[in-house]
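Please read the structure below before turning to the comments.
First listed ligand is number 1; within each ligand, the first listed atom is number 1.
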Amino acid sequence: MPENIERVRDRITRAAAQCGRSVDSVTLIAVSKSQPATAIAAASRAGVKHFGESYLKEALEKMSAVKERDITWHFIGTLQANKTRAIAENFEWVHSVDRLRIAERLSAQRPYHAPPLNVCVQVNIGGELSKGGAASEDLADLFAGMGKLPRLKLRGLMCLPPEEDEPERQRHWFAQLRERFDELNRDGAGLDTLSMGMSGDFEAAVLEGATMVRVGTAIFGPRTNTMRSA
Ligand SMILES: *Cc1c(COP(=O)(O)O)cnc(C)c1O
């Protein structure tokens, strides 16, 4: 697995160089959902600092099993109201906020001694019925509401675009998210994070400005799904 991490890092470096960006402008999040705690520990020893999880119960079990320090945990899965407290207490980042009610709960439940929770709003960039995420046209209202929440730090946008066979088509979705990001910043949103790109398409995402890529199978190999539990 250290070789996989090396390979993914090389590909990020090359994509960044291709568009004149520094490799330091892209944070690699290793998506460890459905992978055992031993795999997280190994990736951590190989230098990975950020880990992404989608299923709360599984994530909490692994957090208590992994002894390596210096890990930043990102929640990237579907958010349900009854899970927000544990997420606000145990993660440093949440990428999948898509409605005000969930944002309000995360802010209210963030422990007062912890720094504000970093959040990205998930955008349903392809307008797909099967996927979560806020509609692109609702972002301004959502941001206005979220801006008042004291315990959240609004960092940026995240997307899970439709799967396309052609890399050029894939890139077009990332470009759309980046355009929304630029528009919001022109209106003073002050965002610094574009969370986009997975194993199959992270280079295209970097070319369109991704600052965080979420890579699972290219690092850990296929998921078995046996550990999956909400
Ligand atoms: C599973 C998942 C990923 C990683 O997917 P891979 O194709 O394994 O790299 C990234 N982002 C989200 C939101 C995910 O659920």
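Residue contacts with ligand 1 do not include A218, since none of its heavy atoms lies under 4.0 Å from the ligand. At a 4.0 Å cut-off, not a single heavy atom of H95 sits close enough to ligand 1 to count as contact.
Looking only at side-chain heavy atoms (C-beta outward), L106 and I87 come within less than 4.5 Å of each other. Taking 4.5 Å as the limit, every side-chain heavy atom of L100 sits out of range of all side-chain heavy atoms of K148. Residues I29 and I76 fail the side-chain proximity criterion, which asks for heavy atoms closer than 4.5 Å. Between L191 and F143 the shortest side-chain heavy-atom distance falls below 4.5 Å.
By the criterion of a heavy-atom distance under 4.0 Å, both the backbone and the side chain of S199 are placed next to ligand 1. Under 4.0 angstrom from ligand 1, the non-hydrogen atoms of K33 all belong to its side chain.
For ligand 1, the atoms lying closer than 4.0 Å to a non-hydrogen atom of G216 are 4 (C), 6 (P), 8 (O), 9 (O). Listed by number with element, the atoms of ligand 1 under 4.0 Å from a non-hydrogen atom of S54 are 15 (O).
Residues L154 and L177 share a single hydrophobic cluster, defined by chaining ILVMFWY side chains whose heavy atoms lie under 4.5 Å apart.
For T217, the side-chain hydrogen bond (donor to acceptor under 3.5 Å, both in side chains) partners at least two apart in sequence or on another chain are S199.
Summary of contacts: the protein heavy atom closest to atom 10 (C) of ligand 1 is M198 SD, 3.2 Å. Closest to atom 12 (C) of ligand 1 among all protein heavy atoms lies I76 CD1, 3.6 Å. Of all protein heavy atoms, the one lying nearest to atom 11 (N) of ligand 1 is R214 NE, 2.9 Å.
The main-chain N or O of G190 is found under 3.5 Å from a side-chain atom of N185 such that the two form a donor-acceptor pair.
Between V215 and ligand 1, a contact under 3.5 Å exists for no N or O pair.
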